[in-house]
Every structure is written in C-alpha cells, then in structure tokens.
Amino acid sequence: SMPTAVTVVLARPEDRAILTSLGTIGALGADDIPTELVARARHLHVGSTALQPRLRAGLPGLFRHARAAGTTTSFDANWDPEERWDDLDGLLATADVCFPILAEGRRWTRLVEPEGVASAIVARALGIPAVGEVPNAPGIADPGDAIIVDGTSGSIYIRPSAEIES
C-alpha cells in the first residue's frame with residue numbers, strides 16, 4: 001500500500017514553486033493506462049513528467065497511439081529535481097503542446113532570451129538542428145573568416161582548426 005500523492009503549487013506571475021509528496025506517482029507506467037480510453041478521449045495531458053520516470057519512459061508510445069486515434073496530446077514536465085529532463089526529445093516529438101515555464105525552457109535549451117528558448121524547443125520537437133543566441137556575433141568574426149555552424153550540437157566555430165573542419 002502506497003500513500004496518495006499530494007501537490008501544492010505556489011504561483012507568482014513570473015514563476016511557480018511546486019511542492020510534491022510523491023506517494024504513488026512513481027508507480028504509474030504507460031502500460032497502466034488503457035489505450036481504448038485514450039482513443040476515446042479528445043485530449044490527453046500528462047503533468048509532472050519529470051517526477052514520473054516509469055510513465056515518462058512510455059509516454060512517446062502512448063502519445064503516438066493517442067495521436068493516431070485523433071486525440072491531441074500535451075505535457076508539462078514541471079521542474080526536474082535532478083535537472084535532467086530525461087526523454088524530453090521523445091516527448092516533444094510526439095506531443096502537440098508542451099507547457100514549460102521560461103526557467104525550465106532555459107535549462108532545456110541553455111539559452112536565455114524567451115524567443116531563442118521558444119525557437120529551440122520548436123526545433124527540438126521537429127528534430128531540426130538549430131543554433132541560437134550568439135552573443136556579440138558581428139564582433140567575433142572578421143569578414144572572410146571561415147565559420148562552421150553545427151546545429152546538432154549548437155556550436156559555432158570561427159576560424160576552425162583543421163581537426164574541426166574534418
């Protein structure tokens with residue numbers, strides 16, 4: 001017998017704090033959710049995916065099943081106490097909507113500006129490599145300098161070494 005989970009949300013306009021006593025939260029898996037019910041729903045939302053590793057691991061498959069049945073999907077990872085946000089790309093690729101707050105988006109993308117964060121999350125959801133927020137970009141390179149942009153890693157190499165060029 002496991003205790004029931006309890007969550008209290010303390011919200012301010014610019015941030016929120018979510019205090020959770022986990023209880024049964026970690027015991028739920030995607031295989032515990034009847035797919036016939038998902039197929040009959042108009043929308044499937046999953047919250048606190050960062051606190052539910054067993055469920056999170058199976059969510060991309062469950063979201064694909066839901067979307068194939070015409071059910072829209074969304075998730076809110078909430079803050080990951082370990083700051084890992086595992087399986088984020090799989091969730092982004094299979095969800096119709098995600099609900100990060102700016103602080104979470106900044107951690108996911110390592111970017112600061114809201115526009116860059118949003119663009120990077122959309123690029124990840126679509127599987128498109130992207131580079132954003134290059135501070136001082138015009139002052140870093142000189143006209144004619146070789147520049148390599150690696151959208152997969154999010155790196156920019158100005159006057160790259162022969163090793164990087166290969």
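Since the structure is predicted, the reported quantities are computational estimates derived from the model, not experimental observations.
By the neighbour-count criterion of 12 heavy atoms within 6.0 Å, atom CZ of Arg84 is sparsely surrounded, having that number or fewer from other residues, nucleotides or ligands.
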- Verify side chain to side chain contact (heavy atoms under 4.5 Å, CB included) between Leu55 and Thr49, making sure each step is shown before the conclusion. CA-CA 7 Å; Leu55 176 60; Thr49 59; 6.0 Å; no

- Message: I'd like to know whether Thr94 forms a side chain to side chain contact (heavy atoms under 4.5 Å, CB included) with Leu59, so could you lay out the CA-CA distance, the side-chain angles of the two residues, the decisive distance to 0.1 Å, and finally the verdict.
- Response: CA-CA 9 Å; Thr94 56; Leu59 275 182; over 6 Å; no

- Item | Test log, rule side chain to side chain contact (heavy atoms under 4.5 Å, CB included), inputs Asp80 and Arg107 | CA-CA 10 Å; Asp80 182 344; Arg107 294 297 179 117; over 6 Å; no

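Note that the CH2 atom of Trp79 and the CD1 atom of Ile101 stand 7.0 Å from one another [nearest 0.5 Å]. Rounding to the nearest 0.5 Å places NE2 of His65 at 8.0 Å from CD of Glu36. Atom CG of Asn78 and atom OG1 of Thr7 lie 8.5 Å apart (nearest 0.5 Å). Interatomic distance, Leu88 CG to Phe75 CZ, rounded to the nearest 0.5 Å: 5.0 Å.
You'll find the side chain of Thr72 stays beyond 4.5 Å of the side chain of Arg42, heavy atoms only. Leu51 places a side-chain heavy atom less than 4.5 Å from the side chain of Pro81. Contact of the Leu44 side chain with the Arg67 side chain is not registered, since no non-hydrogen atoms from C-beta on lie closer than 4.5 Å. Looking only at side-chain heavy atoms (C-beta outward), Ile121 and Trp108 come within less than 4.5 Å of each other. At a threshold of 4.5 Å between non-hydrogen side-chain atoms, the residues Asp76 and Cys98 do not count as touching.
Taking all atoms of both residues into account, the shortest heavy-atom contact from Gln52 to Leu28 is OE1-CD2, 4.0 Å. For the pair Thr71 and Ala41, the tightest heavy-atom approach, listed with the atom from each and the gap, is OG1-O, 2.7 Å. Summarising the geometry of Pro160 relative to Ala146, their closest heavy-atom pair is CD-O, 3.4 Å, with the distance given to 0.1 Å.
Val38 and Val46 fall within a single hydrophobic cluster, where Ile, Leu, Val, Met, Phe, Trp and Tyr are joined by side-chain heavy atoms under 4.5 Å apart, directly or via other members. Leu111 and Leu102 end up in the same hydrophobic cluster when Ile, Leu, Val, Met, Phe, Trp and Tyr side chains are linked at under 4.5 Å.
A salt bridge links Asp32 with Arg54: at least one charged nitrogen is closer than 4.0 Å to a carboxylate oxygen.
Within the structure, every pair that satisfies the ring pair (Phe, Tyr, Trp, His ring centres under 6.0 Å) test and touches residues 15-55, not counting sequence neighbours, is listed here: His45-Phe99.
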